[in-house]
Each structure stands twice: as structure tokens, then as C-alpha cells.
Colleague: 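Structure provided below as C-alpha cells; questions to follow.
All values reported here derive from a predicted model rather than from experimental measurement. Sequence lines set the chain letters: A, B, ... in the order given, protein chains first and strands last, and positions in each chain run from 1.
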2 protein chains.
Amino acid sequence: MCYCDVMPDTAIRPLEEQICFALYSASRSITGRYRELLAPLGVTYPQYLVLLVLWETGTSTVRQLGDRLQLDSGTLSPLLKRLQALGLVTRTRSTLDERVVEISLTPAASEMRNEAPRIAEQICASTGFALGDLARLQGQIATLATQVREFG
Amino acid sequence: MCYCDVMPDTAIRPLEEQICFALYSASRSITGRYRELLAPLGVTYPQYLVLLVLWETGTSTVRQLGDRLQLDSGTLSPLLKRLQALGLVTRTRSTLDERVVEISLTPAASEMRNEAPRIAEQICASTGFALGDLARLQGQIATLATQVREFG
DNA sequence: CAGTAACACATTGTGCACAATAGAATCGTG
DNA sequence: CACGATTCTATTGTGCACAATGTGTTACTG
């Protein structure tokens with residue numbers, strides 16, 4: 001019998017002691033902190049994630065963005081249209097493979113990259129964790145996510 | 001300077017190494033696992049969280065549910081109406097304070113509680129973590145969330 | 001090379017999250 | 001007791017997530 005979320009007599013652990021609620025709650029808390037920091041830039045956290053990938057790659061297909069962020073086209077298609085409406089990305093259909101849409105940064109979005117280090121720094125500070133502890137924690141959470149996705 | 005999400009030369013850490021993305025990604029992964037397990041019961045994960053609280057308290061006000069789950073009425077009001085439509089909760093306005101709406105379990109929802117231990121057990125197994133490690137991880141994540149909410 | 005399978009992206013519909021606002025009830029203070 | 005402030009819930013509007021489906025394109029296979 002598993003004692004993780006369940007007590008011996010089949011009583012249920014309060015949600016404050018369940019791993020999923022911890023992840024769910026923490027994710028929303030830290031996303032809320034990002035919301036404050038990203039407000040001046042006018043983008044949401046999922047939009048910022050797309051920019052993070054594009055700052056690294058320059059150009060990505062919708063598929064590549066989806067693989068990286070674990071998001072499908074149902075989420076990305078409208079999100080990318082909003083980024084395009086904000087003048088931050090361009091969407092051009094590939095000439096080699098007409099199924100593919102390539103997403104590229106505009107100069108405005110490239111400029112925004114300068115703000116990223118300060119934002120990341122403030123997020124780290126908000127956690128109250130030492131950097132080593134934070135890295136260790138991040139690694140364990142990433143391992144758990146991979147495990148659940150692949151062998152759940 | 002913070003090295004958590006930021007490299008010395010102001011290069012940005014790839015999102016795979018950022019704590020927020022780890023939380024965001026892990027939360028969605030494990031919620032997806034819950035989705036499979038909860039499908040036979042016909043409820044979503046946020047709805048299940050409400051049931052978890054009510055299995056513990058029997059009756060709660062909307063405010064109490066919101067405090068516990070860190071959700072506001074904009075999220076809870078429609079969610080609770082859906083739970084009512086499913087025949088799992090009743091919503092009655094308090095006679096002592098007419099502003100308050102009290103949420104109570106129906107017998108059908110009380111029955112469902114028997115399924116909870118098995119679900120929790122399978123979630124624990126899906127993580128691939130030892131129970132002690134899982135508890136330690138859960139504690140650290142909860143600490144981080146509190147820190148970000150209160151001192152972010 | 002014809003036909004079918006696989007792939008990339010978009011669309012539709014449902015259900016969260018959350019900000020902003022509204023409306024009704026209660027509380028506190030003069 | 002009056003009345004302004006606070007509390008509790010609901011509503012509206014925007015933006016994710018995700019399942020299911022549709023459409024056009026490319027790849028495979030006989």
C-alpha cells in the first residue's frame with residue numbers, strides 16, 4: 001500500500017500533503033509572479049516561453065515549439081497569432097514543406113531579450129532558495145515530470 | 001548576480017533548466033495522469049480537489065474552498081455549478097449570513113470517496129519516486145510556493 | 001504512379017485561471 | 001440608528017490547456 005497520498009486506514013491525506021497539489025499550487029504561484037514581471041512587456045507566461053525558445057533558436061516550426069514546451073497546436077496556434085498581432089513574431093509557411101509554418105522573431109522581440117536576465121534574477125530571488133538548492137529541486141521536478149509522462 | 005536562470009554573460013538558461021518551467025511542465029504532466037484516472041468518475045482534477053476538501057470537512061463555504069485551494073470565485077462559481085449539475089454537491093445560501101453559500105456533498109459524492117485511495121496510490125507509483133523522497137520533494141515545493149506567494 | 005497512410009497545422013468546444021466589476025448583505029463607527 | 005466600508009458570491013472577458021476533428025501536404029507501398 002502506498003502511504004504517499006493515503007493513510008493506513010484509507011483515510012486520504014489532506015491536499016496540502018499531496019505532491020500534485022504542491023506542483024499545481026506552486027506552478028500557479030510562480031506564474032503569478034511572472035505575470036507581474038511580464039506585465040510591462042505585455043506578454044503572458046506561455047507567450048514568454050515561446051520567446052525563450054525563439055531567442056535560442058531564432059526560428060522554429062510550430063511542431064518544434066510544441067515538442068519543446070509540450071504544447072499542441074490547439075494551444076499554440078491562437079497563442080502565436082496573438083504574438084503576431086503584438087508584432088513579436090512572423091509566421092511564414094515553409095516553401096520546402098508546405099505543411100510547416102515557421103515562426104521567427106521580429107526585431108522588437110529580439111530587443112525584449114535584454115529584459116530576460118533581470119526577470120529571471122527576480123524569479124530566483126522570489127523563491128527564497130539558494131541557487132544550488134533551486135537547481136537540485138528543478139532537476140528532481142523535471143525527472144518526476146519525465147517519469148510521469150513516459151511511464152505513467 | 002543570479003545564476004539560477006541566467007548565465008554570466010547574460011545568456012539565458014534554456015527553459016529546461018528553469019524552475020518555473022519545471023513546475024509548469026510537471027504540473028501539467030501529473031494533472032494529465034489524474035485526467036486518465038478520474039475519467040471513469042467523470043470529474044476533472046480541479047473538481048476532484050474540491051471533493052478532497054469536502055470529504056475532509058463535509059461542508060465548506062465558497063470562501064473556505066477558495067482559501068484552501070488558492071482559487072477565487074471566478075474559478076469556483078462555475079466549477080461548483082458543474083459539480084452541482086453532476087449531482088455531486090448541493091449549494092445552499094446560509095441563513096445566518098445571506099452572503100455565504102455553503103457547499104455540501106451528496107451521497108453520490110460520498111460514495112466516490114472509496115475510489116480516492118486507489119487513485120492516490122497510482123499517482124504515487126507513476127512518479128517513480130520512493131515515498132520518502134516524494135514527501136521531501138512535496139515539502140520543498142510547498143515551501144517555495146508559500147515563499148513566492150507571501151514574499152514575492 | 002495510384003492510393004493510402006502519416007504528418008503539420010488549424011478549428012471547435014469544454015473547462016479552468018484570473019483580473020475587473022457588480023450586487024447584496026453585514027459590520028463598524030460616529 | 002445611519003451610513004460608509006468591508007465581506008461574500010457571481011458575472012464578464014481574456015487567455016491558456018486539451019480532446020476531437022478537419023484540411024491540405026508529403027511520404028510510403030504495392
Colleague: Ignoring the backbone of Asp72(A), work out which of dC18(D), dC16(D), dT26(C) is nearest its side chain.
Modeller: dC18(D)

Colleague: Using only side-chain N and O atoms of Gln70(B), determine if any of them is under 4.0 Å from OP1 or OP2 of dC18(C).
Modeller: no

Colleague: Examine the base of dC7(C) for any acceptor or donor lying under 3.5 Å from a partner atom in the side chain of Arg99(A), and report the outcome as yes or no.
Modeller: yes

Colleague: Can you find a side chain N or O atom of Tyr24(A) that sits less than 4.0 Å from OP1 or OP2 on dC16(C)?
Modeller: no

Colleague: Between the side-chain atoms of Ser73(A) and the base atoms of dA10(C), is any donor-acceptor pair under 3.5 Å?
Modeller: yes

Colleague: Scan side-chain atoms only and decide if Thr44(A) and Arg82(A) contain a donor-acceptor pair under the 3.5 Å cut-off.
Modeller: no

Colleague: From C-beta outward on Thr75(A), which listed nucleotide comes closest to its side chain: dC9(C), dA17(D), dC18(C)?
Modeller: dA17(D)

Colleague: Quick check: do Glu102(A) and Val100(A) have side-chain heavy atoms less than 4.5 Å from each other?
Modeller: yes

Colleague: Would one find a side-chain N or O of Ser77(A) under 4.0 angstrom from OP1 or OP2 of dA10(C)?
Modeller: yes

Colleague: Which nucleotide in the set dC18(D), dT25(D), dT26(C) lies at the smallest distance from any side-chain heavy atom of Leu71(A)?
Modeller: dC18(D)

Colleague: Can you measure Leu69(B) atom CG to dA17(C) atom P for me and round it to whole angstrom units?
Modeller: 10 Å

Colleague: Given atom CD of Gln64(A) and atom C1' of dC7(C), what is their separation to the nearest angstrom?
Modeller: 14 Å

Colleague: Donor-acceptor pair, distance only, cut-off 3.5 Å: does the side chain of Arg28(B) make one with the backbone of Gln70(A)?
Modeller: yes

Colleague: Would a 4.5 Å heavy-atom cut-off, applied to side chains only, mark Leu52(A) and Leu49(A) as touching?
Modeller: yes

Colleague: May I have the distance from Asp67(A) (atom CG) to dC7(C) (atom C1'), rounded to whole angstrom?
Modeller: 12 Å

Colleague: Contact class for Leu76(A) vs. all strands (heavy atom < 4.0 Å): base, sugar-phosphate, or nothing?
Modeller: nothing

Colleague: Using a cut-off of strictly less than 4.0 Å, decide whether Arg93(A) has a side-chain nitrogen or oxygen near OP1 or OP2 of dT25(D).
Modeller: no

Colleague: At less than 4.0 Å, is any side-chain N or O atom of Arg63(B) found next to OP1 or OP2 of dT7(D)? Yes or no.
Modeller: no

Colleague: Which part of the nucleic acid does Leu96(B) contact within heavy-atom distance under 4.0 Å: base, sugar-phosphate only, or nothing?
Modeller: sugar-phosphate

Colleague: Would you kindly give the CZ-to-C1' distance between Arg35(A) and dA17(C), to the nearest whole Å?
Modeller: 8 Å

Colleague: Within less than 4.0 Å of OP1 or OP2 of dC16(C), is there a side-chain N or O belonging to Arg28(A)?
Modeller: no

Colleague: How many whole angstroms separate atom CD of Gln84(A) from atom P of dC9(C)?
Modeller: 14 Å

Colleague: Taking only the side-chain heavy atoms of Val62(A) (C-beta and beyond), determine which of dC9(C), dA17(D), dC8(D) contains the nearest atom.
Modeller: dC9(C)

Colleague: Nearest of dA17(C), dG15(C), dA10(C) to any side-chain atom of Arg91(A)?
Modeller: dA10(C)

Colleague: Side chain of Val101(B) only, heavy atoms from C-beta on: which candidate in dT26(C), dT9(D), dC18(C) is closest?
Modeller: dT9(D)

Colleague: Just checking Thr61(A): base, sugar-phosphate only, or nothing, at a heavy-atom cut-off of under 4.0 Å?
Modeller: sugar-phosphate

Colleague: To the nearest Å, give me how far apart CD1 (Ile103(B)) and P (dC8(D)) are.
Modeller: 14 Å

Colleague: DNA chain C: Gly74(A) or Thr95(B), which has the more 5' nearest nucleotide?
Modeller: Gly74(A)

Colleague: Gln138(A) and Glu16(B): which non-hydrogen atoms are nearest, and at how many Å?
Modeller: NE2-O, 2.7 Å

Colleague: For dT14(D) and Lys81(A) - does any side-chain N or O of the residue sit under 4.0 Å from the phosphate oxygens OP1/OP2?
Modeller: no

Colleague: Is the shortest side-chain N to carboxylate O distance from Arg118(B) to Glu121(B) below 4.0 Å?
Modeller: no

Colleague: Expressed as a whole number of angstroms, how long is the span from Leu49(B):CG to dC16(C):C1'?
Modeller: 12 Å

Colleague: Rounded to whole Å, please give me the gap between CG in Leu79(B) and C1' in dT9(D).
Modeller: 15 Å

Colleague: I want to check something: taking the side chain as every heavy atom from C-beta on, are Tyr45(A) and Cys20(B) in contact at a cut-off of under 4.5 Å?
Modeller: yes

